[in-house]
Amino acid sequence: MAPLKLYGLPLSPNVVRVATVLNEKGLEFEVVPVDLTTGAHKQPEFLALNPFGQIPALEDGDEVLYESRAINRYIATKYKSDGADLLPTIPSAKLEVWLEVESHHFYPNASPLVYHLLVKPMMGGAPDPLVVDKHAHQLAKVLDIYEDHLAKNKYLAGDEFTLADANHMSYLFYLSKTPKAGLVAERPHVKAWWEDIAARPAFKKTVAGIPLPPPPSAA
Ligand SMILES: N[C@@H](CCC(=O)N[C@@H](CSO)C(=O)NCC(=O)O)C(=O)O
């Protein structure tokens with residue numbers, strides 16, 4: 001089988017979301033760099049893979065996919081018997097709910113915090129304090145709901161680690177490198193959940209090579 005090709009940048013959190021699942025499945029894959037700084041993601045060669053001009057994209061033989069969560073669902077389904085099984089064998093209400101909660105409640109608040117507190121400073125920019133305050137306040141309310149849920153569930157879909165947990169990990173990792181890491185660390189069950197999943201060998205492998213600045217002092 002031709003190796004899987006993951007198009008993007010290893011530093012990109014949406015690319016890392018896919019690398020997390022590929023590593024959980026123990027699948028060999030090649031990262032094909034797509035340099036956002038040169039606009040390569042808007043050139044015909046990449047647009048032929050993802051017409052929306054965003055990374056990641058994945059090539060699996062003749063199949064080409066984009067949208068990291070769709071890629072992950074495809075991998076978890078097609079390669080169900082490889083590595084960690086990320087999908088319960090019977091329909092799981094909690095899995096379906098928390099996959100969507102990540103996409104519609106966690107990500108819309110974690111993403112701007114990571115961008116303003118990590119990505120912009122790495123590119124010489126400065127955080128917009130109004131954006132940071134707004135999304136930190138909103139993420140705090142979201143994580144209070146996670147805290148209640150994780151007081152009753154070891155993982156988001158219940159007793160087992162699933163795709164719902166995996167899809168959170170890249171942004172949880174990046175958030176932990178910002179002054180807003182306390183949003184997780186100050187919630188005991190969320191903290192315990194994050195420490196548990198971050199200790200997974202596959203995830204350690206995924207983030208091992210990511211060049212990040214040392215965590216700043218907590219704000
Ligand atoms: N919903 C999509 C988001 C991809 C995305 O924003 N990718 C960014 C880089 S990673 O933060 C990107 O490609 N930005 C360039 C652009 O949007 O033009 C997914 O989950 O794959």
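Because the structure is predicted, anything quoted here is derived from the model rather than measured. Start at 1 and go down the list; that is how both ligands and their atoms are numbered.
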- Ranked by distance from atom 10 (S) of ligand 1, the top protein heavy atom is Ser12 OG, 2.9 Å
- Taking N or O atoms only and a 3.5 Å limit, does Ile55 qualify as a polar contact for ligand 1? yes
- Task: State whether the number of non-hydrogen atoms from other residues, nucleotides or ligands found under 6.0 Å of Glu160 atom CD is greater than 12.
- Result: no
- Task: Could you find the nearest protein heavy atom to atom 1 (N) of ligand 1 and give me its residue, atom name and distance?
- Result: Glu67 OE1, 2.7 Å
- Note on the structure: Output for pair (Tyr7 OH, Phe46 CZ), nearest 0.5 Å, gives 9.0 Å
- Identify the protein heavy atom lying closest to atom 17 (O) of ligand 1, giving its residue, its atom name and the separation to 0.1 Å. Gln54 NE2, 2.8 Å
- Task: Run the numbers for me: atoms of ligand 1, each under 4.0 Å from some heavy atom of Lys42, listed by number.
- Result: 16 (C), 18 (O)
- Spacing of CG belonging to Asn167 relative to CZ belonging to Arg17, to within rounding of 0.5 Å: 6.0 Å
- Item | From CA spacing to verdict: side chain to side chain contact (heavy atoms under 4.5 Å, CB included), Asn153, Trp98 | CA-CA 12 Å; Asn153 297 273; Trp98 288 91; over 6 Å; no
- Distance filter under 4.0 Å to Arg69 heavy atoms, resulting ligand 1 atoms: 20 (O)
- Message: Name the residue from Phe161, Tyr146, Tyr174, Phe173 that meets the ring-ring contact (aromatic ring centres under 6.0 Å, His included) definition with His168.
- Response: Tyr146
- Message: Can you report which non-hydrogen protein atom sits closest to atom 21 (O) of ligand 1, along with the distance?
- Response: Ser68 N, 2.9 Å
- Query: Does the Glu24 side chain pair with the main chain of Ala202, one donor and one acceptor, at a distance under 3.5 Å?
  - Reply: no
